[in-house]
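What follows is one structure encoded as structure tokens, with my remarks underneath.
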Amino acid sequence: MDSVVTGQDDSWTVAGRRFRSRLIVGTGRYKDLEETAAAIEASGAEIVTVAVRRVNLADPNAPMLQDYVDPRKYTYLPNTAGCFTADEAVRTLRLAREAGGWNLVKLEVLGPPPYLYPDMAGTLEAAKVLIADGFEVMVYCADDPVAAKRLEELGCVAIMPLGAPIGSGLGLQNPAMLSILLQQAQVPVLVDAGVGTASDAAIAMELGCDAVLLNSAIAHAGNPVLMARAMKAAVEAGRLAHLAGRMPRRMGADPSSPLTGLIR
Amino acid sequence: MPVSPSLPESPGNSILHAMLTEPNTIPTLTIVVNGETRRVGANANIASLIEELGLDRRKLAVERNREIVPRSRYEATPLTDRDQIEIVHFIGGG
């Protein structure tokens, strides 16, 4: 049996970079940086998303994320959270590239609160500019097959549809749409946003997603480090189940124990 | 700097005197850094600003008037009056 069939060394590739973990985690909304570091470690993630914000000039010696989550150990994936226009997103990622020196980024252009639903017009506009500028764009998007295809044709390196609104924890509300996106995509597809608990992450992987991106489901869990372990296990379990292929569904019973040789 | 030698006594007079005697150390430019107005020395550049703010330049990105200033150009980028400076870094995010 080859490694894919057995589930051993089942790595995936995005923008030419190879990763073993299929869980990408955010670094926001934790109690403190110690908890951030512990949860990320427990998740087994190799890629972490980070935000770009103004330095707090009033406290220049405040502890920094890099001191707790080592960019030499984890691949930093800068995001454009909080950007509501293509211009803001492009400006943010140009700064991110300067701060970190890397081109692999997560683009998100958001619609207004309370849903922060992906603004696909703005997202397509930003993706075009970023790709022309040499960025490798993993893109947060709606579960819209037409928009997703356009993003892929523009050259986005991963398509990342939401399962439910950001931070909602509602779980995957759109498995059928996700399956359609998975069927047509030639680049990795990740569920980004909406995962609330381990079973949601497992479902995303069972559907055939290449990886899952989440933050609040760990950071806002009662015990974030424990939930990080749960997510690691769920993503692995879902991936193995996808590779194994589930049994067919049937209406009615089909007992596993033989119906012959029964005592009378 | 056009300063008359017969200035009247005023609180500003000592500052003007200092500007004449120590022109490099007295704030003479007004810039905006991350939305806050600040005064910096006339010879200030991006590198001196970062040092004055007590920041670690290896972990930052800087924009001057919406143009990125590459790290290698901090010393060579002088500040001018009314510059809008943004200094950002990575923080936790999803």
Side-chain angles (χ1 to χ4, degrees), chain A residues 24-30 32-33 35-37 40 48-69 71 76-82 87 91-101 106 108 140 166-167 192-193 213-220, chain B residues 25-94:
Chain A
I24 300 178
V25 295
T27 53
R29 312 185 81 174
Y30 287 94
D32 50 36
L33 287 165
E35 189 183 76
T36 309
I40 288 168
V48 298
T49 60
V50 296
V52 179
R53 290 292 182 273
R54 281 175 167 171
V55 169
N56 179 5
L57 300 178
D59 189 6
N61 297 317
M64 292 177 82
L65 183 65
Q66 284 106 309
D67 300 329
Y68 290 82
V69 180
Y76 269 34
L77 185 65
N79 70 23
T80 59
D87 275 353
R91 188 181 174 198
T92 298
L93 290 178
R94 284 180 173 150
L95 282 165
R97 177 166 63 180
E98 177 57 27
K106 169 181 162 179
E108 52 188 305
Y140 175 60
I166 293 169
D192 176 0
L213 198 167
L214 56 89
N215 186 346
S216 304
I218 293 178
H220 281 187
Chain B
T25 59
I26 300 305
T28 56
L29 301 175
T30 301
I31 61 171
V32 177
V33 184
N34 288 1
E36 290 173 24
T37 303
R38 298 182 72 89
R39 301 189 71 198
V40 294
N43 293 347
N45 56 40
I46 298 287
S48 68
L49 174 66
I50 288 170
E51 199 181 316
E52 190 184 315
L53 293 169
L55 301 173
D56 181 349
R57 64 190 278 163
R58 293 168 303 171
K59 295 171 179 171
L60 305 172
V62 178
E63 230 185 28
R64 172 174 174 257
N65 302 326
R66 299 193 69 127
E67 292 278 328
I68 295 216
V69 183
R71 201 168 284 130
S72 59
R73 299 280 304 159
Y74 287 173
E75 277 78 9
T77 306
L79 294 171
T80 58
D81 208 36
R82 283 192 266 275
D83 268 355
Q84 300 275 340
I85 307 294
E86 293 285 342
I87 305 177
V88 301
H89 64 161
F90 292 124
I91 66 155

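Note that the structure is a prediction, hence the values are computed from the model and not measured. So that the names make sense, note that chain A is the first sequence line, chain B the second, and so on, each numbered from 1.
- When A/Arg97, A/Lys106, A/Met64 are compared by the number of non-hydrogen pairs under 4.5 Å with chain B, A/Met64 comes out ahead.
- Using a 4.5 Å cut-off between heavy atoms, B/Val62 contacts chain A through its backbone alone, with no side-chain atom that close.
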Check your understanding: Could you walk me through whether B/Asp83 and B/Leu29 pass the side-chain contact (heavy atoms from CB on, under 4.5 Å) check?
Key -> CA-CA 9 Å; B/Asp83 268 355; B/Leu29 301 175; over 6 Å; no
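- Residue A/Arg29: no heavy atom, backbone or side chain, is found under 4.5 Å from chain B.
- A donor-acceptor pair under 3.5 Å links the side-chain atoms of A/Thr80 to the main chain of A/Glu108, judged by distance alone.
- With a 4.5 angstrom heavy-atom cutoff, A/Ala193 does not touch chain B via any of its atoms.
- The closest donor-acceptor contact from the side chain of B/Asn34 to the backbone of A/Val55 lies under 3.5 Å.
- Only the side chain of B/Ile68 comes within less than 4.5 Å of a heavy atom of chain A; its backbone N, CA, C and O stay farther away.
- Only the side chain of A/Asp67 comes within contact range of chain B, with heavy atoms under 4.5 Å apart.
- No cation-pi contact links B/Lys59 to B/Phe90, judged by a cut-off of 6.0 Å to the six-membered ring centre and 45° from its axis.
- Listed by chain and number, the residues in a salt bridge (Lys or Arg N to Asp or Glu O under 4.0 Å) with B/Glu86 are A/Arg54 (sequence neighbours excluded).
- Only the side chain of A/Asn61 comes within less than 4.5 Å of a heavy atom of chain B; its backbone N, CA, C and O stay farther away.
- Although no hydrogens or angles enter the test, the distance criterion places a donor-acceptor pair under 3.5 Å between the side chain of B/Asp81 and the main chain of B/Thr30.
- A donor-acceptor contact shorter than 3.5 Å links the side chain of B/Arg71 to the backbone of A/Ala99.
- Heavy atoms of B/Arg57 lying under 4.5 Å from chain A are absent altogether.
- With a threshold of 4.5 angstrom between heavy atoms, A/Tyr76 approaches chain B through side-chain atoms but not through N, CA, C or O.
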